[in-house]
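Okay, structure first, notes after.
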Amino acid sequence: MSHPPPLRSSDLVAIVLVVVIWGMNFVVMKFGLTHFTPFQMGAGRYLFATFPLLLVLRPPSVPMRWVVAFGLTQGVGQFGTLFLALQVGMTAALASVLMQTQVFFTALFGALVLSERIGSSLKAGMAFAAVGLGCFGVNAMVVQGGGVTLAGLALNLSAAAMWAVSNIVVRRAQRESSGFEPLHFVVWGSCVAVLPFFALSWWIDPPQAWSNWLRAPWQAWAALAALGWLATALAYGAWANLLRKYPASRVAPFSLGVPLVGLSAGTLLLGESVSALQWAGAGFVMCALLCVMFGPRLWRSA
């Protein structure tokens, strides 16, 4: 059985950059939602992710169905549900932890769709993650306040599952194209998400919400630009490039650093509180991710 190639130093630098951007990403989202609705946030994010790069990047050399699938899963699916979660009952700090359950969704979907093997370390990690999610669920049911509700928890996990689906879409797209170009793929996929977000905003948001586009301060527009240009075009382009080089189950665990940045940013910059049960849940999820990342080495050395 062949082992995946070791990570190159340039890929490790890309991982660190993605981790910092995505960790701070949750604070930026929380701020943006004080001025825009979740669907307006999605439309604005992907407008910035699309322009001006769409004007200079040719369409990716992959079947268009994968571009559309990526835009709908990573764009509307992942961030539509995540923005809703942050609005109805989820803190930025804990959202950064719960989103990392995409590691286990990715492994499950990778096994089902790509025939990737689920090893012992992944199985152990899933057990830790299940206990952690149980802690979050109990806290949401019995503890009043704290910024987390069952609806927010369910939406956040749905967002993580959609992230995992988009990981698989990227893998399938690169398998069908020898000249896969990650940045082209992400930018044109982002274009797909814009109209569905505007349509959802028109359909669901109250009529007076449209004035948000005129009343929002420059800081809110800067938040949208950061989400579009940095967190989407740059970070997801780098992420897609990593998925092009390595198996999905090899890349996904490196998102371990995101909750560390996100927890720190949420508590220090937004003053969010974390209850004892939530700390326990975060600890179990982190143990699960550590198990996935370092477990294979321990199993081989045993």
Side-chain angles (χ1 to χ4, degrees), residues 3-31 45 48-49 53 74 78-79 82 92-107 110 121-122 125 129 159-160 163-164 166-167 170-171 174 180-187 190 222-223 225-270 282-283 285-298:
H3 296 290
L7 288 167
R8 299 170 56 186
S9 58
S10 58
D11 292 329
L12 289 173
V13 171
I15 287 171
V16 171
L17 181 64
V18 170
V19 164
V20 172
I21 291 174
W22 280 348
M24 295 298 297
N25 192 34
F26 295 91
V27 172
V28 177
M29 291 181 205
K30 202 73 172 177
F31 171 76
R45 174 181 186 138
F48 277 103
L53 290 175
Q74 188 264 358
Q78 179 183 340
F79 284 100
L82 178 57
L94 294 178
S96 68
V97 176
L98 288 170
M99 284 303 292
Q100 306 322 308
T101 57
Q102 62 90 11
V103 171
F104 309 106
F105 287 118
T106 298
S121 59
L122 271 172
W163 184 1
S166 74
N167 286 341
V170 172
R171 293 284 288 158
Q174 66 89 21
F180 183 74
E181 299 164 305
L183 183 58
H184 295 66
F185 185 78
V186 169
V187 169
S190 296
L227 292 173
W229 289 335
L230 297 181
T232 304
L234 177 61
Y236 273 96
W239 187 257
N241 186 52
L242 291 166
L243 287 169
R244 178 179 64 85
K245 298 178 179 179
Y246 307 100
S249 56
R250 170 72 181 262
V251 173
F254 284 95
S255 58
L256 173 66
V258 174
L260 298 177
V261 177
L263 274 171
S264 301
T267 54
L268 295 176
L269 299 179
L270 299 180
V285 172
M286 294 296 287
C287 286
L289 295 171
L290 285 168
C291 186
V292 171
M293 183 176 291
F294 300 110
R297 302 179 187 177
L298 296 177

Contacts of [X] that satisfy side-chain contact (heavy atoms from CB on, under 4.5 Å) - sequence neighbours left out:
| X | answer |
| --- | --- |
| Ile15 | Leu7, Leu12, Val19, Leu242, Phe254 |
| Ala233 | Leu53 |
| Ala92 | Phe26, Lys30, Leu270, Glu272 |
| Ala129 | Phe104, Ala288 |

Restricting to non-hydrogen atoms, name the atom on [X] and the atom on [Y] that form the minimum distance, rounded to 0.1 Å.
| X | Y | answer |
| --- | --- | --- |
| Gln102 | Ala164 | O-CB, 3.8 Å |
| Gly266 | Ala93 | CA-CB, 4.1 Å |
| Trp22 | Ala235 | NE1-CB, 3.4 Å |
| Ala265 | Val27 | CB-CG2, 3.5 Å |

Item to check | Any donor-acceptor pair under 3.5 Å from Trp229 side chain to Leu234 backbone | outcome: no
Checklist outcome for this item: CG of Leu263 to CE of Met286, rounded to nearest 0.5 Å, is 7.5 Å
Checklist entry - Which residues satisfy the ring pair (Phe, Tyr, Trp, His ring centres under 6.0 Å) test with Phe105, sequence neighbours excluded? => result none
Item to check | Under the ring pair (Phe, Tyr, Trp, His ring centres under 6.0 Å) test, residues paired with Phe185 that sit two or more places apart | outcome: Phe70, Phe180
Checklist outcome for this item: Taken in chain and number order and not counting sequence neighbours, the residues that satisfy side chain to side chain donor-acceptor pair (under 3.5 Å) with Thr232 are Arg45
Item to check | Set of residues satisfying side chain to side chain donor-acceptor pair (under 3.5 Å) with respect to Glu181, sequence neighbours excluded | outcome: Arg58
Next on the checklist: Are the side chains of Met99 and Val258 in contact, using a 4.5 Å heavy-atom criterion?
Outcome noted: no
Item to check | Non-hydrogen side-chain atoms of Met24 and Leu269 separated by less than 4.5 Å | outcome: yes
